[in-house]
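Have a look at the structure below before the remarks.
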Amino acid sequence: MLDIQQLRTQLDTVADGLAKRGKPIDFSEFKTLEAERKTLQTRTQELQAQRNSLSKQIGMLKGQGKDASEVMAQVGTLGDELKASEVRLAELLEQFNAILAALPNLPADDVPVGEDEAGNVEIKRWGTPRVFDFPVKDHTDVGEALGQLDFATAAKIAGSRFSLLKGGLARMHRALAQFMLDTHAVDHGYTELYAPYLVNAASLQGTGQLPKFEEDLFKVLRGEQDPLYLIPTAEVPVTNIVRDEILAAEALPLKFVCHTPCFRSEAGSGGRDVRGMIRQHQFDKVELVQIVHPEQSTVAHEELTRQAEVILEKLALPYRRVLLCTGDMGFSAAKTYDLEVWLPAQNTYREISSCSNFAAFQARRMQARFRNDKNKPELCHTLNGSGLAVGRTLVAILENYQQADGSVTVPSVLRPYMGGLESLQPL
RNA sequence: GGAGAGGUGGCAGAGUGGUCGAAUGUACCUGAUUCGAAAUCAGGCGUACUGCAAGGUACCGAGGGUUCGAAUCCCUCCCUCUCCGCCA
């Protein structure tokens with residue numbers, strides 16, 4: 001959510017910033033509504049003040065046992081205009097909210113302007129892609145040859161875009177999550193959380209998935225009761241911890257790490273990445289979330305991204321860091337780094353982590369504040385990043401660590417989590 | 001799933017139609033007292049919008065309704081607690 005004050009006072013600046021995202025937004029409706037709002041709001045409050053004071057008089061007169069009919073007649077004349085003003089004002093405010101809730105965040109100043117992923121800027125590369133002396137298989141072929149990755153059975157059980165892992169591969173999946181959690185909780189100082197996988201609509205509003213992106217979510221209907229939604233990322237339950245809170249300044253920064261499954265309907269992604277476990281309805285992710293003082297968010301963003309990179313380096317997986325351009329950034333983000341891991345079968349880097357600074361955008365939606373130097377409530381800044389997507393990490397290991405005989409070497413940092421197992425062998 | 005009781009300021013807790021944005025206690029902040037502290041005394045102490053200011057407006061779980069007037073009455077939803085049943 002953008003600051004409505006900023007829209008009122010610097011509409012052109014806001015419009016310019018949003019235009020950089022690619023689709024210029026028409027603010028003529030906003031201007032029309034705003035012109036009406038100011039006078040209507042003043043007038044409504046004036047009428048309310050009159051009504052309140054007259055009503056008080058009625059109370060006083062009646063309390064003294066006097067006749068109040070004259071004053072009651074007087075307040076009666078206000079009735080129609082007041083009612084009409086209140087109704088119209090409520091309509092206007094609702095329209096403002098709808099406009100505001102649908103506007104994406106302003107890109108940070110140092111975000112490159114571009115239309116799509118072609119405009120992204122590579123920041124760094126780490127690691128050297130391995131040279132194979134045998135034909136490289138993609139992760140689906142490697143996993144199925146091991147007999148430990150079974151899409152056909154998953155499709156029977158649930159449908160397309162689900163996977164069934166078995167044996168050592170299932171264990172490696174678990175080991176990855178444990179390894180990531182330990183690294184962030186112990187080495188990086190994050191507080192580990194276990195959080196709900198189903199959330200209410202208010203939480204999804206808070207982080208920005210609703211109202212615009214409902215079709216991306218799995219919705220659980222419960223008869224008369226309010227629906228719940230399966231979380232698309234741990235960002236939702238974790239960031240909403242501070243929704244409607246006013247924190248003490250000393251409480252910041254908050255740093256949370258949380259491993260959850262993530263559920264995405266993948267509506268509109270038809271045909272993309274249908275093979276393999278790159279794009280699934282259900283995948284696990286270890287998520288990093290920080291709630292920080294506004295002056296700290298830029299530094300925190302670098303720190304958090306670096307902490308995600310550490311996981312890739314410990315796993316010895318080659319990757320690159322990319323700064324997303326204005327046209328490729330997510331709805332709520334002010335600035336985003338993607339980490340892309342090397343996938344030899346595709347001969348390219350693929351996204352495995354997305355680390356974003358949301359500035360005050362989410363905090364304003366969810367009214368997450370802290371008491372500043374002047375003891376006044378001020379919006380926090382929020383950040384999050386994958387550290388990392390577990391399923392895609394498993395994909396990267398299958399491809400990068402495959403051997404000519406069909407086995408897959410277990411990265412050394414994972415071995416303590418797998419009973420010392422050094423290699424996945426066909427079942 | 002059945003039966004019942006509740007949601008008021010950081011916390012506790014009063015308030016069942018009118019001078020209530022809300023008593024009181026406690027916590028917290030400032031000052032006085034003190035060598036210092038405790039105790040005591042005085043003042044302050046929710047959020048947001050609006051106004052140069054004085055002030056005005058909204059908010060008593062959320063939304064709607066009745067009324068000249070709603071924390072208080074009515075409806076829907078959300079949440080909490082107690083007992084019974086079921087359950088990993």
Side-chain angles (χ1 to χ4, degrees), chain A residues 1-9 30 33-101 194-206 210-211 219-229 236-237 240-252 261 360 363-380:
Chain A
M1 184 107 64
L2 297 175
D3 183 359
I4 192 162
Q5 304 290 5
Q6 198 186 3
L7 261 74
R8 283 173 185 157
T9 56
F30 179 86
L33 293 176
E34 175 59 13
E36 188 183 349
R37 191 214 105 241
K38 198 158 185 174
T39 46
L40 184 64
Q41 190 161 9
T42 316
R43 180 63 185 152
T44 306
Q45 294 190 355
E46 221 173 81
L47 290 167
Q48 286 171 329
Q50 285 178 35
R51 181 204 57 199
N52 289 349
S53 95
L54 288 174
S55 288
K56 263 187 188 175
Q57 284 182 38
I58 294 172
M60 273 188 272
L61 289 171
K62 291 203 165 179
Q64 296 160 7
K66 294 180 184 165
D67 176 32
S69 55
E70 195 178 315
V71 186
M72 285 176 74
Q74 208 181 336
V75 79
T77 61
L78 295 174
D80 288 347
E81 189 189 352
L82 179 56
K83 187 93 183 168
S85 298
E86 282 178 339
V87 167
R88 179 61 190 150
L89 186 62
E91 266 172 31
L92 279 179
L93 294 179
E94 201 172 306
Q95 286 176 58
F96 274 116
N97 277 336
I99 291 173
L100 234 50
Y194 171 78
Y197 300 162
L198 291 161
V199 295
N200 56 33
S203 292
L204 288 155
Q205 297 260 9
L210 288 181
K219 186 176 187 175
V220 180
L221 300 173
R222 305 186 290 169
E224 298 300 303
Q225 286 187 287
D226 289 352
L228 291 173
Y229 297 82
V236 179
N240 275 281
I241 289 171
V242 295
R243 172 154 55 87
D244 294 324
E245 298 288 339
I246 301 175
L247 305 163
E250 309 84 69
L252 301 179
R364 187 173 292 109
R365 287 179 157 241
M366 64 174 86
Q367 288 299 296
R369 294 170 291 175
F370 71 100
R371 287 204 185 273
N372 65 17
D373 297 345
K374 292 169 187 143
N375 213 32
K376 288 285 167 205
E378 181 177 340
L379 294 168
C380 303

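Letters go in sequence order (proteins before strands), and every chain restarts at 1.
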I'd like the P distance from B:U82 over to B:A12, given in whole Å. 16 Å

Please determine whether a side-chain nitrogen or oxygen atom of A:R43 lies at a distance below 4.0 Å from atom OP1 or OP2 of B:U50. no

Under the rule for ring-ring contact (aromatic ring centres under 6.0 Å, His included), what residues qualify as partners of A:Y229, not counting sequence neighbours? none

Answer with base, sugar-phosphate or nothing: what part of the nucleic acid does A:E70 contact at a heavy-atom distance below 4.0 Å? nothing

For A:R37 and B:C49, is the shortest distance between a side-chain N/O and OP1 or OP2 below 4.0 Å? no

Evaluate the criterion side-chain contact (heavy atoms from CB on, under 4.5 Å) for residue pair A:C380 and A:V242; output intermediate values, then yes/no. CA-CA 9 Å; A:C380 303; A:V242 295; 6.0 Å; no

Expressed as a whole number of angstroms, how long is the span from A:L47:CG to B:U50:P? 19 Å

Is the distance from OP1 or OP2 of B:G69 to the nearest side-chain N or O of A:Q74 less than 4.0 Å? no

Applying the 3.5 Å cut-off to both distances, the Watson-Crick or G-U partner of B:A42 turns out to be B:U30

So which nucleotide does B:A5 pair with, by the Watson-Crick or G-U wobble rule with both distances under 3.5 Å? B:U80

Tell me what A:I58 touches on the nucleic acid: a base, only sugar-phosphate, or nothing, going by heavy atoms under 4.0 Å. base

Please give the nucleotide sitting opposite B:G36 as a Watson-Crick or G-U wobble pair, both distances under 3.5 Å, or none. none

Could you give the distance separating B:C20 and B:G13 at their P atoms, to the nearest angstrom? 24 Å

Classify the nucleic acid contact of A:K62 as base, sugar-phosphate or nothing, counting any heavy atom under 4.0 Å across all strands shown. base

Who does B:G63 pair with, Watson-Crick or G-U, both distances under 3.5 Å? B:C75

For each nucleotide in nucleotides 56-61 of chain B, reading 5' to 3', give B when a protein heavy atom comes within less than 4.0 Å of its base, S when such contact involves only the sugar-phosphate, and - otherwise. BSS---

Strand partner of B:U47, provided both Watson-Crick or wobble distances fall under 3.5 Å: B:A58

B:A14 -> Watson-Crick or G-U wobble partner, both distances under 3.5 Å, gives none

By the 4.0 Å heavy-atom rule, please label A:Q225 as base, sugar-phosphate, or nothing. sugar-phosphate

